[in-house]
Amino acid sequence: MSNAAIARALSEIASMMELLGEDSFRVLAHSRAARAVEDFPGDIASIARGATGAADLRKIEGLGPKTAEKIVELVTTGAIAEHAELAAKVPAGLLQLLQLQGIGPKTVRVFWTQAGVTSLADLHRIIADGSILKLPRMGEKSVEKLKAAISMLSESTKRHRLGPATVLAEAVIAHLKARAKIERIEAAGSLRRGRETVGDLDILVATADPAGVVQAFVTMPGVTAVLQSGETRASCRVRLSAGEAVTDDGEAPIKDAGEDSGPSMQVDVKVVPLESWGAALMYFTGSKDFNVALRGRAQDRGLTLNEYGLFPEDHEKTPPQARHVRPLAGKTEESICEALGVAWVPPEIREGRGELDVKGTPRLIELGDIQAELHSHTTASDGVLSIVELAKEAKRRGFHTLAITDHSQSSVIANGLKPDRLRRHIRAIHAAREEVKGITLLAGSEVDILPDGRLDYDDELLAELDVVVASPHAALKQEPKAATERLIRAVSHPLVHILGHPTGRLIMRRAGLEPDMAEVIAAAKAHGTALEINAHWMRLDLRDVHVRMAVEAGCAIAINCDVHHPADFGNLRFGVTTGRRGWLRAEACVNTWSAKDLHEWLKKKRR
DNA sequence: GCCGTTTTCGGCCCGACTGTTTTCAGTCG
């Protein structure tokens with residue numbers, strides 16, 4: 001049973017208790033437990049099945065005696081009795097109503113207990129016959145908002161992948177900068193933390209002209225609905241196509257239908273005072289758990305931290321900023337951390353997982369550290385550039401090394417190379433070295449890992465290559481056990497340098513392989529094989545939690561753009577961000593090494 | 001239901017916005 005499935009069960013318990021009007025802190029505890037399970041890097045089910053399952057689970061922050069027992073119950077019996085008892089009391093359709101924007105548990109409970117609503121269809125009915133207006137706090141405007149929320153139910157609950165979300169955020173920032181006088185502007189939230197998917201965008205602005213900023217935002221092209229618009233914040237749904245020519249699939253540009261169609265995202269613009277910039281940025285960047293931990297540190301010191309700054313705790317009812325109390329810190333994130341006696345940590349690792357205990361700011365990998373691209377495709381397989389064009393582009397971007405790694409024979413759809421074609425291709429790469437100087441061109445291959453873990457070329461041919469990236473492309477639904485054996489066999493092969501996109505997942509589209517990653521990492525470490533973070537925003541594979549496992553195990557990491565098109569080099573930042581989320585330091589990433597060190601490492605597997 | 005170098009009991013983030021109110025409840029992040 002996957003962590004996600006266990007988290008869902010706990011989360012449903014929380015929602016159902018909420019609808020029954022039970023103690024809100026019990027609800028909160030179950031929601032927290034669900035998140036703890038969802039975000040846990042290891043396999044919760046196998047821990048729960050252990051002899052001391054419940055005790056081991058309790059060591060995870062957010063899980064206590066009761067929630068640990070419920071997880072053990074779920075894993076061993078397939079269900080939680082309490083879940084079934086709650087489900088008998090709460091109609092299933094109500095959970096869907098909770099997804100509606102602007103509708104929370106209190107309102108759903110009113111619909112249910114006072115109007116007998118148990119489904120979306122019932123809700124439609126009381127709207128249609130007007131009886132909804134008899135319910136408390138339900139006026140014309142509320143009903144209009146509710147109708148809008150129903151019509152975009154599926155769209156508004158959808159998360160979006162990091163790539164398109166980043167592009168849209170940059171477009172909003174550019175738009176506001178061009179139309180209002182702005183002191184500072186930055187995207188906060190999960191985008192700043194570099195999560196692989198983003199629910200909505202939080203754009204923070206420091207400005208002398210709040211009204212101008214809000215006005216510029218709500219009239220921006222691509223805005224399909226203004227959800228709220230006040231003096232210091234506004235919320236809109238904005239079409240992703242307002243970003244630029246990056247669609248959800250990373251292919252052709254979205255055709256602008258000129259109406260409220262196409263995928264959209266909620267974008268919140270918040271105006272904050274310049275003297276509170278750091279406090280607001282920190283507050284709105286999160287994560288929630290990180291903020292809670294940080295506020296705990298403030299409390300320990302008799303201080304209170306909010307989005308306006310760090311203040312002395314004086315137990316007054318009115319918040320300090322409203323009484324014009326001078327904050328102890330707030331203009332920058334660093335000043336707040338200093339006043340709290342904690343090291344400033346990069347947004348990517350703010351997860352409330354003990355990062356406040358680190359001594360000194362960790363020096364994580366940065367975009368500028370990358371000096372080599374080790375995974376690229378030419379027109380020989382499914383790329384759009386020739387060897388020379390690709391080499392020139394890599395050189396232009398300042399890389400000292402480029403590995404050409406076209407697909408192997410089993411990837412028929414990608415025009416994979418049969419052995420004789422590969423041999424000619426190797427010679428063509430060698431010839432291109434004469435044409436493009438100032439960059440080392442390596443002859444490689446992205447070799448398919450067959451379902452049983454064998455490679456797609458024989459060892460003799462593999463030994464002729466400078467670089468071997470072994471990747472799974474087919475049979476991505478095989479059982480975890482088979483997947484684990486398959487990948488271990490591949491990383492243990494003496495001629496393999498890098499395990500490419502280890503799981504083959506596509507974010508929000510395809511789960512990919514679900515091997516026991518700890519075992520794969522251990523085998524990779526033992527054989528000196530690097531694990532790839534594929535930088536494409538559709539993949540980001542290895543994923544962040546597995547990067548952290550690999551980093552802690554001392555395994556080498558590669559960050560590659562898997563270049564098929566010149567624009568793919570631009571995805572590098574997403575790969576680096578994912579590395580940072582896994583606490584990756586430059587020295588553990590082979591792409592940051594000097595040409596000498598990198599080439600030496602590659603050759604070691606050829607002796 | 002969880003958690004603890006100010007607590008094993010008594011806390012559990014809090015401010016902006018909105019719509020419906022006659023001073024505030026609900027939602028959101």
Side-chain angles (χ1 to χ4, degrees), chain A residues 10 13-14 17-18 22-36 57-71 82 97-111 133-146 149 156 188-191 198-204 210 214 226-235 266-273 276 279-280 282-309 311 313 317-322 341 352 357:
Chain A
L10 291 168
I13 288 176
M17 290 197 309
E18 203 165 25
E22 292 190 17
D23 176 45
S24 61
F25 295 113
R26 284 186 66 218
V27 174
L28 187 66
H30 282 86
S31 299
R32 282 211 188 109
R35 251 209 83 189
L57 287 174
R58 282 191 59 185
K59 291 180 192 145
I60 299 169
E61 191 168 331
L63 298 184
K66 298 277 186 67
T67 44
E69 275 306 330
K70 283 172 202 177
I71 292 170
E82 187 186 7
L97 300 188
L98 278 179
Q99 304 293 315
L100 291 165
Q101 175 104 34
I103 300 297
K106 300 272 169 58
T107 311
V108 172
R109 199 170 144 75
V110 167
F111 289 156
L133 291 166
K134 297 196 192 85
L135 296 174
R137 312 187 56 77
M138 272 293 151
E140 298 281 350
K141 281 195 174 179
S142 302
V143 174
E144 281 313 307
K145 286 205 158 183
L146 178 56
S156 63
S190 51
L191 184 95
V198 178
D200 53 28
L201 298 179
D202 293 300
I203 312 285
L204 293 196
V214 168
V226 178
L227 305 173
Q228 63 170 217
S229 164
E231 286 176 24
T232 62
R233 56 176 67 176
S235 223
Q266 181 171 328
V267 182
D268 297 345
V269 168
K270 297 173 176 116
V271 176
V272 305
S276 303
M282 193 149 237
Y283 182 87
F284 289 111
T285 295
S287 67
K288 216 172 194 179
D289 292 339
F290 175 84
N291 287 348
V292 168
L294 201 62
R295 270 196 303 274
R297 293 299 171 104
Q299 277 169 13
D300 294 347
R301 296 185 166 229
L303 305 173
T304 177
L305 177 64
N306 63 26
E307 67 213 78
Y308 291 97
F311 300 90
E313 176 59 87
K317 249 188 173 171
T318 322
Q321 70 276 6
D357 298 324

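Below, chains carry the letters A, B, ... as their sequence lines are ordered, and counting in each starts from 1.
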Scan every strand shown for a Watson-Crick or G-U wobble partner of B:dT8, both distances under 3.5 Å, and answer none if you come up empty.
none
Verify side chain to side chain contact (heavy atoms under 4.5 Å, CB included) between A:Ser235 and A:Gln266, making sure each step is shown before the conclusion.
CA-CA 7 Å; A:Ser235 223; A:Gln266 181 171 328; 3.2 Å; yes
Between B:dC13 and B:dC3, how many Å separate the two C1' atoms, rounded to a whole number?
16 Å
With rounding to the closest Å, how many angstrom separate the C1' atoms on B:dT18 and B:dC12?
26 Å
Residue closer to the 5' end of DNA chain B, A:Arg32 versus A:Glu231 (nearest nucleotide)
A:Arg32
Base, sugar-phosphate alone, or nothing: which one does A:Ser229 contact when heavy atoms must sit under 4.0 Å apart?
sugar-phosphate
Under 4.0 angstrom, heavy atoms only, what part of the nucleic acid is A:Ser235 near: base, sugar-phosphate, or nothing?
nothing
Proximity to the side chain of A:Gln228 - top-ranked nucleotide from B:dC2, B:dT18, B:dG1:
B:dT18
Within the 4.0 Å heavy-atom criterion, would you say A:Gly62 contacts the bases, only the backbone, or no part of the nucleic acid?
sugar-phosphate
In whole Å, what separates the P atom of B:dT27 from that of B:dT21?
15 Å
Is the ring centre of A:Phe25 under 5.5 Å from the base ring centre of B:dC2, and are the two planes under 30° apart, so that they stack?
no
At under 4.0 Å between heavy atoms, which parts of nucleotides 20-29 of chain B does protein reach? Answer with one letter per nucleotide, 5' to 3': B base, S sugar-phosphate only, - none.
S----BSSSB
Test A:Val269 against every option in A:Leu204, A:Ile203, A:Val214, A:Leu201 by the side-chain contact (heavy atoms from CB on, under 4.5 Å) rule and name the one that passes.
A:Ile203
Using every non-hydrogen atom in the two residues, find where A:Asn306 and A:Tyr283 come nearest and quote the distance to one decimal.
C-CD1, 4.4 Å
Would you say the side chain of A:Leu10 lies within less than 4.5 Å of the side chain of A:Ile71, judging by non-hydrogen atoms?
yes
Which is true for A:Leu28 with a 4.0 Å heavy-atom rule: it touches a base, it touches only sugar-phosphate, or it touches nothing?
nothing
Between A:Thr304 and A:Met17, who's closer to the 5' end of DNA chain B by nearest nucleotide?
A:Met17
Minimum side-chain heavy-atom gap A:Ile103-A:Val108 below 4.5 Å
yes
Which whole number of Å gives the distance between the C1' atom of B:dC9 and that of B:dC14?
24 Å
Can you tell me, in whole Å, how much space there is between the C1' of B:dA25 and that of B:dT20?
9 Å
With a 4.0 Å cut-off on heavy atoms, is A:Gln321 in touch with a base, just the backbone sugar-phosphate, or nothing at all?
sugar-phosphate
Would you kindly give the CD-to-C1' distance between A:Glu61 and B:dG4, to the nearest whole Å?
12 Å
Using whole Å, what does the distance between atom P of nucleotide B:dC14 and atom CZ of A:Arg295 come to?
7 Å
Evaluation steps, side chain to side chain contact (heavy atoms under 4.5 Å, CB included), between A:Thr285 and A:Phe290
CA-CA 9 Å; A:Thr285 295; A:Phe290 175 84; over 6 Å; no
Working to the nearest 0.5 Å, report the span between CG of A:Leu294 and CZ of A:Arg297.
8.5 Å
Determine the interatomic distance between P on B:dG4 and the same-named atom on B:dT8; round to the nearest Å.
13 Å
